[in-house]
Amino acid sequence: MTVYKQLLSLPENFSFRINLDYLKSTEDGLFRTDQESITRFIVLDGNLFFIKIYVSNNNRLVIETEDVSQSYTKQFERQIMLYIRDWFDLDIHLEPFYTIAKQDEYLKMPISKFYGLRNIGIPDIFEAFVWAILGQQINLSFASTLKDRFIKNYGKRLIHNGEDYWLFPSPRLIASLSMDELFKIGMSRRKCEYIRGIARLIANNQISREKLVQLSDINLAVKQLTAIKGIGPWTANYVLLRCVRYPNAFPINDVGLHNALKLAGSLDRKPSIDEIKQIASAWEGYESYATFFLWRLVY
DNA sequence: GGCCAGGTGGCCA
DNA sequence: TGGCCACATGGC
């Protein structure tokens, strides 16, 4: 099979190792990591590509693409590069964030520990919503178990070099499933309804990443999303942070964030919401990165 | 056994 | 608006 190789130059403040470690900690059947690379299948307009990502000696990102569907064109090449730039959030300028964070009581420790980390995103908005809804209220390890069951029950299995990879289930398929079919994996009935509802909205193109990007006002985006059953302020901000990439997305109610602030600030208790508003006022415009680095402390 | 997990909607004053 | 409560399940 033909393999195409592309290079992407990396920002100064990007550490491949730190980002690989992060991905390793979140491996979920959709991609795989080893000591030096990340691999996954991606689908573009129904065409299948297998990509391998690693770093070269002169600090460039190397992307090898196997043309599984025999459909590789310059257009797909461009889309694959955009996908990688987006997944690793390569186009954001983080110097202003680091300048703020270096002198911030709560951020200086996480940015020193994880310098070079990026908000590795969830490019597929349906996946982002499902992951957020699954994670509501329950502990993260159980949420991971549910996600694993979700992917392996409804997703598509592919094999590459004898190893399993999965494609995330399509919103169209999930929208068509019965409550019982969804309930069997162990999530609450309400989560089944929420997920089926969002699947329907995405399948009908009533909700899309592009539309949310175009709103460009986080208050509007949150308002629109929280009108949907099962999407509260936390889920809305989570999706805007991990997928749509609003830099000021801020899931202020997040328990993990609270624990991370307690740890980073050596507090004897978790801060209150009002205290967090005070703390975060210094991060204006970079709340999403502040949150992502703080999460890394506790997950 | 009880309480908390990367919350949310529904009900009631 | 603000205060409960149920929700599925796992870990401590």
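Labels below follow one simple rule: chain letters A, B, ... track the order of the sequence lines, proteins then strands, and each chain is numbered from 1.
Where pairing requires Watson-Crick or G-U contacts shorter than 3.5 Å, the helical stems of DNA chain C with at least three consecutive pairs are B:2-5 with C:9-12, B:7-13 with C:1-7.
For the OP1/OP2 pair of B/dT8 and a distance below 4.0 Å, the side-chain nitrogens and oxygens of A/Lys191 include no atom meeting the criterion. For A/Lys270 and B/dA5, the shortest distance from a side-chain N or O to OP1 or OP2 is below 4.0 Å.
Contact annotation for A/Tyr299: base contact, defined as any heavy-atom pair under 4.0 Å involving a base atom. Using a 4.0 Å heavy-atom criterion, one finds that A/Thr145 contacts no nucleic acid atom at all. Among the heavy atoms of the strands lying under 4.0 Å from A/Pro233 are primed sugar atoms or P, OP1, OP2 only; no base atom is included. No contact: A/Leu146 has no heavy atom under 4.0 Å from any strand.
Map A/Thr226 and A/Ile138 each onto its nearest nucleotide of DNA chain B; the residue landing nearer the 5' end is A/Ile138.
Distance A/Lys262 NZ to B/dC4 P: 14 Å, rounded to the nearest Å. When the C1' atom of B/dT8 is taken as reference, atom CD1 of A/Ile198 falls 14 Å away, rounded to whole Å. Atom CD1 of A/Ile228 and atom C1' of B/dT8 are 14 Å apart (whole Å). The distance between atom CG of A/Asn139 and atom C1' of B/dC4, rounded to the nearest whole Å, is 9 Å. Look at CD on A/Gln137: it is 6 Å from P on B/dG7, rounded to the nearest Å. Spacing between atom CD of A/Gln136 and atom P of B/dG10 amounts to 13 Å, rounded to whole angstrom units. Counting to the nearest Å, the P atom of B/dA5 and the CG atom of A/Leu257 are 13 Å from each other. Between the CD atom of A/Glu193 and the P atom of C/dA6 there is a distance of 18 Å, rounded to whole Å.
Here A/Arg190 does not pair with A/Glu193 in a salt bridge; the nearest charged N to carboxylate O distance is not below 4.0 Å.
Taken residue by residue, residues 285-298 of chain A places heavy atoms nearer than 4.0 Å to DNA chain B at A/Trp295.
Between the side chain of A/Arg190 and the base of C/dA6 there is at least one donor-acceptor pair of N/O atoms closer than 3.5 Å.
The side chain of A/Arg189 lies closest to C/dA8 when the candidates are B/dA5, C/dA8, B/dG10. With C/dC7, B/dA5, C/dG11 as the candidates, the nucleotide lying closest to the side chain of A/Ser141 is C/dG11. Among the nucleotides B/dG9, C/dC7, B/dG7, the one closest to the side chain of A/Ser188 is C/dC7.
One P atom belongs to C/dG10, the other to B/dT8, and the distance between them is 22 Å to the nearest Å. For the P atoms, the distance from C/dG2 to B/dA5 is 23 Å, rounded to whole Å.
Among residues at least two apart or in separate chains, side-chain hydrogen bond (donor to acceptor under 3.5 Å, both in side chains) pairs with a member in residues 208-227 of chain A are A/Asp86-A/Arg209.
Side-chain atoms of A/Ser288 do not come within 3.5 Å of backbone N or O of A/Leu241 as any donor-acceptor pair. In terms of modelled atom types and a separation under 3.5 Å, the side chain of A/Arg85 and the main chain of A/Leu8 share no donor-acceptor contact. Here the side chain of A/Asn204 pairs no donor or acceptor atom with the backbone of A/Gln206 at under 3.5 angstrom.
Around atom NZ of A/Lys113, no more than 12 heavy atoms belonging to other residues, nucleotides or ligands sit under 6.0 Å away.
Of the candidates A/Thr73, A/Asn47, A/Leu44, A/Ile84, A/Gln79 forms a side-chain contact (heavy atoms from CB on, under 4.5 Å) with just one, namely A/Leu44. None of A/Arg40, A/Arg157, A/Arg32 except one satisfies the salt bridge (Lys or Arg N to Asp or Glu O under 4.0 Å) rule with A/Glu163; the exception is A/Arg32.
Residues satisfying the side chain to side chain contact (heavy atoms under 4.5 Å, CB included) test with A/Asn259, not counting sequence neighbours, are A/Val255, A/Lys270, A/Val298. Shown here are the salt bridge (charged side-chain N to carboxylate O under 4.0 Å, His left out) partners of A/Glu27, two or more places apart in sequence or in another chain: there are none.
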Can you give me every donor-acceptor pair (side chain of residues 96-103 of chain A, partner residue at least two apart or in another chain, under 3.5 Å) with its distance?
| unit_1 | atom_1 | unit_2 | atom_2 | d |
| --- | --- | --- | --- | --- |
| A/Tyr98 | OH | A/Gly116 | N | 3.0 |
| A/Thr99 | OG1 | A/Glu95 | O | 2.9 |
| A/Gln103 | NE2 | A/Thr99 | O | 3.1 |

